[in-house]
> 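I'd like to ask some things about the structure below.
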Amino acid sequence: MAALPDATRGRLLYGGDYNPEQWPESVWPEDIRLMREAGVNLATVGVFSWARLEPRPGAREFGWLDRVLDLLHEGGIDVCLATPTASPPPWMGARHPETLPRDEHGRTVWYGSRNHFCASSRVYRDYARRITEDLARRYGSHPALRLWHVNNEYGTHCWCDGSAAHFREWLQERYDTLGALNEAWGTAFWSQRYDSWEEIIPPRRAQYLNNPAQQLDFHRFTSDALLGCFTAERDVLAAHSPDIPVTTNFMPLFSGQDGWAWASEEDVVSVDVYPDPRAGWEDAAGAPHGALVQDLTRSQARGPWLLMEQAAGPVNWRGVNHPKPDGLMRLWSLQAVARGADGICFFQWRQSRQGSEKFHSAMLPHAGEHSRLFRQVRALGSELTRLTDVVGDQVPAGIALLHDWESWWADGQDGRPSAGLDYPATLTAWYQALWEQNLTCDFAHPEATLDGYRLVVIPHLYLLTDAALDNLTAYVRAGGTLICGFFTGVADADDRIREGGVDSRLRLLLGLTTVHEWWPLDEDASVRLDNGARGTVWSEDLETDTATTLAVYAEGELAGRPALTRHTFGTGVALYVSTLLERPALRTLLADAAAAAGVLPVLPGAPAGVEAVRRGPLLFLLNHNREPVTVPLPQPGTDVLTGTRHEEEVTLDRYGVAALRS
Ligand code: GAL
């Protein structure tokens, strides 16, 4: 992973998507003036400019972009230059309909919006390569250029004939023989055996449930096909400007790409953080959702990362779109810095007056430079200059949460024991129980090396590969502590069920003989355990072998059966939790296991709603409460944001932040 572009200059990046093509040129000088006033030092240009750059096939109109880049450079603002390939011009779809995606029903997904491309289309890829090549040639050594931004939020799916042919190639590569594919997909079931490669299609809309292994492979294929688009553009850019790092912006906790595989192909990992559609800034779940996405991105990056987009105020895609109250934009931006971001950017710089996002907020709103929002943008830009101490620094974490996109895909299909299984919700519940106690964690792939983590937590990984099982076994044997959540290790990499309820290696590790049956719980139902905890979503009929039972189910069909177990294995410990505990119990379980493993909260006893994170030399305290709160300090420190020295305590305003250096 290359360093972020400004790490060596010791400043945090600050800026946003800049779409000057939406405005007359007479507005541009004002943009530069106001960017300078706001402390903006990075503008992401050209994300949706393809039709402007290539108004007809093969034509090039670069003059306007030359002027934009020169103006930004004269203003001292660096450029994150995007390839425009997320939104092909209408002429491409009109002339080459095969570039347009088709949905599961075979219906065309038309142009007139964005993201209307089939990742497998040769025609699309050729046009994308050529415009990328010309951009790289023309701007690869422009003095304003700091970072390349490829495409935007890759995530399209396509079930067209071109994708089908590409899918078959991908499958041939993976399985080599048709026999191996038939075996992996379990095609003996429902008479699905394939007799020739040509018969294989993507999992299109069928009469009843699709083959789950085929669906899983289609997820893998789609992620790889899109990744192929990314790496093709990246390689062109790298060939022309080897010193300029390349990124593409991820969506937050998004299932459409294998984020581990993708991150390893990027020089800089960047993400867009918007509120979870299920949780906004109106409710308490907004802050932990942001923290989760930030910790995941830092883990993907293995270090500092870039917040490529967030909203300065309201978005326009929720049912009701509220502005951010005073202080919240600052709070969430500084949360990202605390959790490893070396740059804070927004969608977008100037609010559009036309198009689908004219009601989406921007750094410079319709209300202009004297608005409440722009004042806050200016203030944040100035504050970020006081946080240079953390640029390039790590966020120490003793806990790893294991997360895997492949398991998410396999888990999210139809025909499961319960439609209530919700992978991101389960991951979030466990993460939030750590977050609420200021126990900092990284995320890790289940096959990744876990050395250095004292506690490893698996909220729920339905699919575990043989390599992952060996990895977990070795980790615990060597003295690690593992907490394993329900319905984990059930399937192999082909979504084939491992017999005995969960895999035999995992049972050995957990000290279980078998899992007799899954007993999912109804929506809104819960079950009491004899230690006073309540479980939701799921329960299991377990039989222990060498494990000790810590708690049993206290009611219902499983009354008296083990719910929570503990097992010493090698020199380590493995706990199993066969239900989704409600948060108070989950917090206690995690706190106890962390303490026993020697991991302590960043700030023990911090008031509720106060997030404490260490990054480099600074202790960040973030008040997510809507009222002020006083936080006792373990040692005196100076708030680098205000210059004030605090001896025993610090009082944080509503949504207030302190960044303390001791
Ligand atoms: C992002 C996207 C931006 C803008 C933003 C609005 O997903 O990358 O271009 O659409 O959402 O929230």
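In listed order, ligands and their atoms are each counted from 1. A quick note: this is a predicted structure, and the numbers were derived from the prediction, not measured.
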> Does V377 reach the side chain of M329, with side-chain heavy atoms less than 4.5 Å apart?
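In contact.
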> At less than 4.0 angstrom from any non-hydrogen atom of E153, what atoms of ligand 1 do you find?
1 (C), 2 (C), 7 (O), 8 (O)
> Under 4.0 Å from a heavy atom of W317: give me the atoms of ligand 1 that qualify, with their elements.
6 (C), 12 (O)
> If I take atom NE2 from residue H240 and atom CZ from residue R137, how far apart are they, to the nearest 0.5 angstrom?
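With rounding to 0.5 Å, NE2 (H240) is 5.0 Å from CZ (R137).
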> On the six-membered ring of W23, is R350 placed so that its NZ or CZ lies under 6.0 angstrom from the centre and within 45° of the ring axis?
yes
> With distance as the sole criterion, is a donor-acceptor pair present between the side chains of D411 and H460 under 3.5 Å?
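Yes, because at least one side-chain N or O of D411 sits under 3.5 Å from a partner of the opposite role on H460.
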> Counting C-beta onward and ignoring hydrogens, is there a side-chain heavy-atom pair between Y111 and M92 closer than 4.5 Å?
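They are not in side-chain contact.
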> Check ligand 1 against N152 and write out every atom of the ligand that is under 4.0 Å from a heavy-atom position of the residue.
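Counting atoms of ligand 1 from 1, those under 4.0 Å from N152 are 2 (C), 8 (O), 9 (O).
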> Would you mind finding which of R114, M251, H360, Q348 brings a heavy atom closest to atom 9 (O) of ligand 1?
R114
> Which ligand 1 atoms does E357 reach within 4.0 Å, using its non-hydrogen atoms?
4 (C), 5 (C), 6 (C), 10 (O)
> Counting each atom of ligand 1 from 1 as listed, which ones have a heavy atom of D272 under 4.0 Å away?
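Going through ligand 1 atom by atom, the ones under 4.0 Å from D272 are 8 (O).
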> Looking only at protein heavy atoms, identify the closest one to atom 1 (C) of ligand 1 and say how far it is in Å.
E309 OE1, 3.0 Å
> With the side chain counted from C-beta on, respond yes when P245 and V268 share a heavy-atom pair under 4.5 Å apart, and no when they do not.
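The answer is yes; the side chains approach within 4.5 Å.
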> Quick one: look up the protein heavy atom nearest atom 5 (C) of ligand 1 and list residue, atom name and how far away it is.
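For atom 5 (C) of ligand 1, the nearest protein heavy atom is Y274 OH, 3.4 Å.
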> Taking the six-membered ring of W64 (Phe, Tyr or Trp), confirm whether the NZ or CZ of R52 is under 6.0 Å from its centre and within 45° of its axis.
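Positive - R52 is close enough to the ring of W64 and near enough to its axis.
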> Using a 4.0 Å cut-off to any heavy atom of F48, which atoms of ligand 1 qualify?
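Selected atoms, number and element: 9 (O).
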